[in-house]
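Comments concern the structure below.
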Amino acid sequence: MAEAATHADGIDSVLLDIEGTTIPVAFVHKVLFPYARKAMPGLLAQRANDPVVRAAVAEIAALAPGVDPLEQLNAWMDRDEKIGPLKVLQGLAWEEGYRTGALQAVLYPDVLPALRSWHAGGVHLAVYSSGSEAAQRLIYGHTTEGDVCSLFDGFYDLRIGGKREADSYRIILSKADWVPGRTLFLSDIVAELDAAAAAGVWTCQLARPEDGTSPGNAHPVAMTLGDVTRLFALPDMP
């Protein structure tokens, strides 16, 4: 496990990715994605007059002229594309699944103890994911340990900008009123960490053995949020 860079003490804000960081990749790819794919035809048909659905379908038409919306959505899902209208519609599908109890988010076992310790110790927490803000709130609002959304001060999605763009992190810092040198970003993706570092943010890669994440060498590496606590001297409640 790599050592954290020097002078990283005093961190008072942590921005977290979701997939591969707080939730197993398998939950996303083997539970959430198949559920959304199965639900998508009914969603498009039954909620065609919903303003959110109509806006998403219009955006699909602008991005893929002449292509059937469902066909295009399936193609994007096949490639795991991070496309705005896809993420919005997936979020609507998941909302129904969580509401009925068909879906329940499973976090890594180390996540909630660490987040609760950090929160209790005065550290501000927020989420930045390619999934829509609504989808993020659904995940943390319907975990196997209940609704934990209150741990977070904010939820940010691709409306902020791409996760591999430094300006996205600058925008989040501005919106949250966070200081770059006192903020830590956690993700399993090196390119995202590179972008955050370019914005002056401290970074740490989560290399979860369960997900087979390949650790890089440009950022400190942790296997659990407990490791992050130790690497960056974050609050650790007994």
Side-chain angles (χ1 to χ4, degrees), residues 1-24 27 104-129 131 133 135-157 160 163 168-189 192-193 195-197 199-211 213 215 219-238:
M1 185 169 61
E3 293 295 326
T6 57
H7 307 303
D9 55 344
I11 287 173
D12 59 14
S13 307
V14 179
L15 184 66
L16 301 106
D17 174 45
I18 297 181
E19 180 184 347
T21 299
T22 62
I23 286 182
F27 175 75
Q104 194 172 41
V106 180
L107 309 182
Y108 290 110
D110 58 273
V111 168
L112 285 183
L115 295 185
R116 286 169 173 154
S117 293
W118 300 349
H119 183 264
V123 176
H124 298 286
L125 305 174
V127 177
Y128 181 30
S129 172
E133 176 186 343
Q136 296 171 29
R137 291 182 182 275
L138 287 170
I139 285 173
Y140 289 110
H142 299 82
T143 78
T144 53
E145 296 193 47
D147 184 347
V148 298
C149 284
S150 61
L151 293 172
F152 301 100
D153 294 343
F155 296 85
Y156 302 98
D157 58 24
I160 290 291
K163 296 185 70 182
S168 300
Y169 300 89
R170 296 187 181 102
I171 292 170
I172 291 173
L173 291 169
S174 177
K175 286 181 173 292
D177 196 23
W178 288 358
V179 178
R182 298 175 65 180
T183 299
L184 172 66
F185 176 55
L186 305 178
S187 175
D188 60 322
I189 304 298
E192 296 176 1
L193 298 167
V201 173
W202 292 100
T203 56
C204 184
Q205 183 186 16
L206 269 295
R208 299 283 187 174
E210 304 96 321
D211 292 333
T213 306
H219 306 273
V221 176
M223 290 189 292
T224 69
L225 295 197
D227 293 338
V228 175
T229 295
R230 292 183 286 275
L231 278 170
F232 292 91
L234 293 171
D236 189 10
M237 306 298 285

Restricting to side-chain contact (heavy atoms from CB on, under 4.5 Å), what partner residues turn up for [X], sequence neighbours left out?
{"X": "T183", "answer": "S13, L173, W178, V201"}
{"X": "T22", "answer": "L16, I18, V111, Y140"}
{"X": "T144", "answer": "Q104, V106"}
{"X": "P235", "answer": "W118, V123"}

Is the backbone N or O of [Y] less than 3.5 Å from a side-chain atom of [X], with the two atoms forming a donor-acceptor pair by type?
{"X": "S174", "Y": "R170", "answer": "no"}
{"X": "D211", "Y": "T213", "answer": "no"}
{"X": "Q205", "Y": "D188", "answer": "yes"}

What's the separation between atom [atom1] in [X] and atom [atom2] in [Y], rounded to the nearest 0.5 Å?
{"X": "K175", "Y": "I160", "atom1": "NZ", "atom2": "CD1", "value": "5.0 Å"}
{"X": "I172", "Y": "D177", "atom1": "CD1", "atom2": "CG", "value": "14.0 Å"}
{"X": "D17", "Y": "I23", "atom1": "CG", "atom2": "CD1", "value": "10.0 Å"}
{"X": "R116", "Y": "L112", "atom1": "CZ", "atom2": "CG", "value": "4.5 Å"}
{"X": "L225", "Y": "L206", "atom1": "CG", "atom2": "CG", "value": "5.5 Å"}
{"X": "L115", "Y": "T229", "atom1": "CG", "atom2": "OG1", "value": "9.0 Å"}

What do the steps show when you test T224 against R208 for side chain to side chain contact (heavy atoms under 4.5 Å, CB included), and what is the final call? CA-CA 7 Å; T224 69; R208 299 283 187 174; 4.2 Å; yes

Less than 4.5 Å apart, any side-chain heavy atom of P24 and any of E210? no

Side chains of L184 and L234: does their closest heavy-atom pair fall under 4.5 Å? yes

Report the residues that fulfil ring-ring contact (aromatic ring centres under 6.0 Å, His included) with Y169, sequence neighbours left out, ordered by chain and then residue number. Y128, F185

Considering non-hydrogen atoms only, spot the tightest contact between [X] and [Y] and give its length.
{"X": "L231", "Y": "C204", "value": "CD1-SG, 4.2 Å"}
{"X": "C149", "Y": "R137", "value": "SG-O, 3.4 Å"}
{"X": "A197", "Y": "H219", "value": "CB-CE1, 4.1 Å"}
{"X": "H119", "Y": "S150", "value": "NE2-O, 3.7 Å"}
{"X": "R182", "Y": "G10", "value": "NE-O, 3.3 Å"}

Test of understanding: with salt bridge (Lys or Arg N to Asp or Glu O under 4.0 Å), list the residues that count as partners of D153, not counting sequence neighbours. none

